[in-house]
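Please read the structure below before turning to the comments.
Worth knowing before you read on, the calculation uses all heavy atoms, side chains too, and leaves out hydrogens, waters and symmetry mates. Remember, it's 1-based here, ligands and their atoms both numbered in the order they're listed. In this text, all values refer to a predicted model and were calculated from it rather than measured experimentally.
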Amino acid sequence: MNSVDQLKQWVKESDNIVFFGGAGVSTESGIPDFRSVDGLYNQKYDYPPETILSHTFYMERTDEFFRFYRDKMLELDAKPNAAHLKLAELEQAGKLKAVITQNIDGLHQAAGSKTVLELHGSVHRNYCLKCGKEYSARQIKESVGVPRCSCGGQIKPDVVLYEEGLDSQTIQDSIYYINQADVLIIGGTSLAVYPAAGLIDYYRGKKLVLINKSATPMDRRANLLIQDSIGKVFSQLEVS
Ligand code: CNA
């Protein structure tokens with residue numbers, strides 16, 4: 001049996017699938033990841049993305065942070081691709097329990113997924129550091145310089161920057177779903193960013209599927225390794 005057929009069979013047999021993904025899930029929607037050849041690491045900036053997207057940089061060079069953020073992280077016209085849509089269908093059919101994502105683009109929700117655990121927050125939530133008033137991603141995209149609230153406070157995206165901690169409830173929920181999953185599908189992530197990558201240690205089953213275009217440090221742990229495009233693989237899955 002080839003590996004996609006094996007995946008199809010596991011998906012068919014299970015009603016307790018959990019998906020854990022990263023930026024590679026959205027590249028087929030036109031959003032660049034960090035580590036692919038055309039990812040943000042390989043585009044020329046004065047600083048690497050992890051430096052610009054850090055808490056220190058946000059505090060000290062806020063103007064430059066927002067220039068990069070608006071230009072590279074706010075791809076507001078992107079649409080869900082075959083992987084997002086199939087995951088939503090699997091949830092709707094009662095087969096998939098949760099999507100756990102490192103992405104901040106909101107495309108799983110746009111595809112119709114309901115239980116989405118956003119480990120690194122979302123560009124769609126922004127709030128004033130002074131009064132807490134909320135702002136949309138579109139308002140941030142259309143702002144100039146450092147976006148300011150009507151009260152004069154500075155607005156911060158609800159995105160977990162490097163050096164910042166992850167939300168503990170989101171971590172706990174992710175651990176719960178991974179721990180009790182029958183099939184864990186990991187896709188489109190280099191598994192290089194911690195603590196998110198460490199979550200897979202909580203999986204206890206024997207159906208760990210890893211779908212990624214390039215090699216990852218966790219390849220050896222996969223029961224099924226598929227080195228291919230995630231949209232292509234997911235479009236072959238049947239929901240029944
Ligand atoms: P990463 O480190 O950039 O790794 C992405 C991985 O996906 C790479 O190993 C690629 O080979 C692989 N890949 C790319 N396209 C595909 C595809 N179509 N099919 C299969 N595999 C593919 O990204 P991670 O998510 O692992 O890194 C974590 C960071 C990146 C998180 O904190 C994210 O918030 C951050 N990020 C998010 C977005 C987004 O929200 N869409 C975009 C860019 C970066």
Check your understanding: Under the side chain to side chain contact (heavy atoms under 4.5 Å, CB included) criterion, do I17 and I185 qualify, and how do the steps go?
Key -> CA-CA 7 Å; I17 304 166; I185 306 176; 3.9 Å; yes
Point to revise | Residue that, paired with I155, satisfies side chain to side chain contact (heavy atoms under 4.5 Å, CB included) out of Y135, F66, Y127 | key: Y135
Check your understanding: Would you say the side chains of R148 and S143 form a donor-acceptor pair under 3.5 Å?
Key -> no
**Study point:** Per-atom contacts of ligand 1 with G22, taking only distances under 4.0 Å to non-hydrogen atoms
**Key:** 25 (O)
Practice item. Would you mind listing which atoms of ligand 1 come within a distance below 4.0 Å of any non-hydrogen atom of D105? Key: 39 (C), 40 (O), 41 (N)
Review point. Below 4.0 angstrom, N of the basic side chain to O of the carboxylate: do D77 and R138 qualify?
Key: yes
Exercise for review: Could you check if a side-chain atom of P32 sits within less than 4.5 angstrom of a side-chain atom of E75, using non-hydrogen atoms only?
Suggested key: yes
Review point. Going by heavy atoms, is A192 under 4.0 Å from ligand 1?
Key: no
Practice item. Specify side chain, backbone, both or neither for D228, according to which of its non-hydrogen atoms lie closer than 4.0 Å to ligand 1. Key: backbone
Exercise for review: List every atom of ligand 1 that sits less than 4.0 Å from any heavy atom of T27, numbering the atoms from 1 in the order shown and giving each element.
Suggested key: 14 (C), 15 (N), 16 (C), 17 (C), 18 (N)
Practice item. Give the numbers and elements of all ligand 1 atoms closer than 4.0 Å to a heavy atom of T189. Key: 6 (C), 7 (O), 24 (P), 26 (O)
Review point. Where's the contact between K213 and ligand 1, heavy-atom distance under 4.0 Å: side chain, backbone, both or neither?
Key: both
Exercise for review: Output the list of atoms in ligand 1 that are nearer than 4.0 Å to some heavy atom of P32, sorted by atom number.
Suggested key: 42 (C), 43 (C)
Point to revise | Region of S26 that comes within reach of ligand 1 [heavy atoms, distance under 4.0 Å] | key: side chain
Check your understanding: Is it true that G188 lies under 4.0 Å from ligand 1, counting heavy atoms only?
Key -> yes
Exercise for review: Have a look at V193, N103, L210 and point out the one with the heavy atom closest to atom 28 (C) of ligand 1.
Suggested key: V193
Point to revise | Test: D201 and R221 ion pair at under 4.0 Å | key: yes
Check your understanding: Ignoring hydrogens and geometry, is there a side-chain-to-backbone donor-acceptor pair from D33 to G24 under 3.5 Å?
Key -> no
Check your understanding: Could an N or O of ligand 1 be found under 3.5 Å from any N or O of S190, whether backbone or side chain?
Key -> yes
Check your understanding: Got a salt bridge between E164 and K156, using NZ or NE/NH1/NH2 to carboxylate O under 4.0 Å?
Key -> yes
Review point. Which atoms of ligand 1 have any heavy atom of S214 under 4.0 Å away?
Key: 8 (C), 9 (O), 10 (C), 11 (O)
Check your understanding: Of all the atoms in ligand 1, which lie at a distance below 4.0 Å from a heavy atom belonging to E28?
Key -> 17 (C), 18 (N), 19 (N)
Review point. Side chain, backbone, both or neither: which part of H120 has a heavy atom under 4.0 Å from ligand 1?
Key: side chain
Revision key, fill the gap. Numbered in order shown, the ligand 1 atoms found under 4.0 Å of a heavy atom of I31 are 41 (N)
Review point. Taking heavy atoms and a distance under 4.0 Å, where does I104 meet ligand 1: side chain, backbone, both or neither?
Key: both
**Study point:** From S26, S29, S229, residue fulfilling side chain to side chain donor-acceptor pair (under 3.5 Å) relative to N81
**Key:** S29
Check your understanding: In a check of ring-ring contact (aromatic ring centres under 6.0 Å, His included) between Y58 and each of F65, Y69, Y162, F68, which one passes?
Key -> F65
Review point. Do D182 and S14 have side-chain atoms, one donor and one acceptor, less than 3.5 Å apart?
Key: yes
